[in-house]
Amino acid sequence: MTNQAIDNFKSQVFLILNNVPRGECIAYGELAALAGFPNHARQVGAMMKNLPKDTNLPWHRVVNARKRISFPENTEGYLRQKEKLEQEGWVIIGTKLAMKTD
DNA sequence: CGCCCGGCGTGTA
DNA sequence: CTACACGCCGGGC
């Protein structure tokens, strides 16, 4: 990965993520792939991890491929993400997102 | 260079 | 549902 690529990757991810409509969600891998870098799901996760808490990005709409919140239940991140998702109409059971399966 | 670990992914049991 | 396997890629040491 060249520095150039990293920048593209990041901006792409941000762009795409910012365009994920309310009520929808996307997987880390999807995001990476759409950004032009398949198999970089973990890298996306790393990014989410660095986002400031006051970010305006819909990071909560990012879930793993099994459509589950990628945080152990009852952890900070888990709770915050769950809240946001529920506010957007999702039904969450444990770490799993139900309904609106599209 | 190797080894381990992560907001991951897919398959199988 | 859990539990592994194996693949992937950066980062830290």
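Just so you know, these numbers come straight off a predicted model, no measurement behind them. Throughout, a chain's letter reflects where its sequence line sits, starting with A, and its residues are numbered from 1.
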List the atom pairs, with distances to 0.1 Å, where a side-chain N or O of residues 6-18 of chain A and a protein N or O form a donor-acceptor pair under 3.5 Å, not counting sequence neighbours.
| unit_1 | atom_1 | unit_2 | atom_2 | d |
| --- | --- | --- | --- | --- |
| A:N8 | ND2 | A:Q4 | O | 3.4 |
| A:S11 | OG | A:D7 | O | 2.6 |
| A:S11 | OG | A:N8 | O | 3.1 |

- Message: If you take any heavy atom closer than 4.0 Å to DNA chain B, which residues from residues 63-77 of chain A end up in contact?
- Response: A:N64, A:A65, A:R66, A:S70, A:F71

- Task: Taking all non-hydrogen atoms of both residues into account, name the closest pair between A:I92 and A:E86 and its distance.
- Result: CD1-CG, 4.1 Å

- When the C1' atoms of B:dG7 and C:dC13 are considered, how many whole Å apart are they? 23 Å

Would you list the atom pairs, donor with acceptor, under 3.5 Å between side chains in residues 44-58 of chain A and any protein atom, with sequence neighbours excluded?
| unit_1 | atom_1 | unit_2 | atom_2 | d |
| --- | --- | --- | --- | --- |
| A:N50 | ND2 | A:A46 | O | 3.0 |
| A:T55 | OG1 | A:L57 | N | 3.2 |

- Item | Span of DNA chain C in contact with chain A (heavy atoms, under 4.0 Å) | C:dC1 to C:dG10

- Members of residues 45-54 of chain A that approach DNA chain B, where some heavy atom sits under 4.0 Å away: A:G45, A:M48, A:K49

- Message: I want to check something: taking the side chain as every heavy atom from C-beta on, are A:E24 and A:E88 in contact at a cut-off of under 4.5 Å?
- Response: no

If you look only at distance, which donor and acceptor atoms sit under 3.5 Å apart when one is on a side chain in residues 73-85 of chain A and the other is two or more places apart or in another chain?
| unit_1 | atom_1 | unit_2 | atom_2 | d |
| --- | --- | --- | --- | --- |
| A:T75 | OG1 | A:P72 | O | 2.8 |
| A:T75 | OG1 | A:Y78 | N | 3.4 |
| A:Y78 | OH | A:G94 | O | 2.5 |
| A:Q81 | NE2 | A:H60 | O | 2.9 |
| A:Q81 | NE2 | A:V62 | O | 2.9 |

- Begin with the C-alpha distance, continue with both residues' side-chain angles, and end with the deciding distance and a verdict on side chain to side chain contact (heavy atoms under 4.5 Å, CB included) for A:R66 and A:K96. CA-CA 8 Å; A:R66 306 251 169 107; A:K96 189 167 190 175; over 6 Å; no

Using atom types as modelled, flag every donor-acceptor pair under 3.5 Å from a side chain in residues 25-39 of chain A to any protein atom, sequence neighbours excluded.
| unit_1 | atom_1 | unit_2 | atom_2 | d |
| --- | --- | --- | --- | --- |
| A:E30 | OE2 | A:A27 | N | 3.4 |

- When we call it a touch if two heavy atoms are under 4.0 Å apart, what does A:V44 touch: a base, just sugar-phosphate, or nothing? nothing

- Between which nucleotides of DNA chain B, read 5' to 3', does contact with chain A run, using atoms under 4.0 Å from its heavy atoms? B:dG6 to B:dG11

- Message: Stem finding on DNA chain C, please: runs of three or more consecutive Watson-Crick or G-U wobble pairs, both distances under 3.5 Å, sorted by first number.
- Response: B:2-6 with C:9-13, B:8-13 with C:2-7

- Message: Hydrophobic clusters here meaning ILVMFWY residues chained together by side-chain heavy-atom distances under 4.5 Å, can you tell me if A:V63 and A:W59 are in one?
- Response: no

- Item | Partner set under side-chain hydrogen bond (donor to acceptor under 3.5 Å, both in side chains) for A:R42, not counting sequence neighbours | none

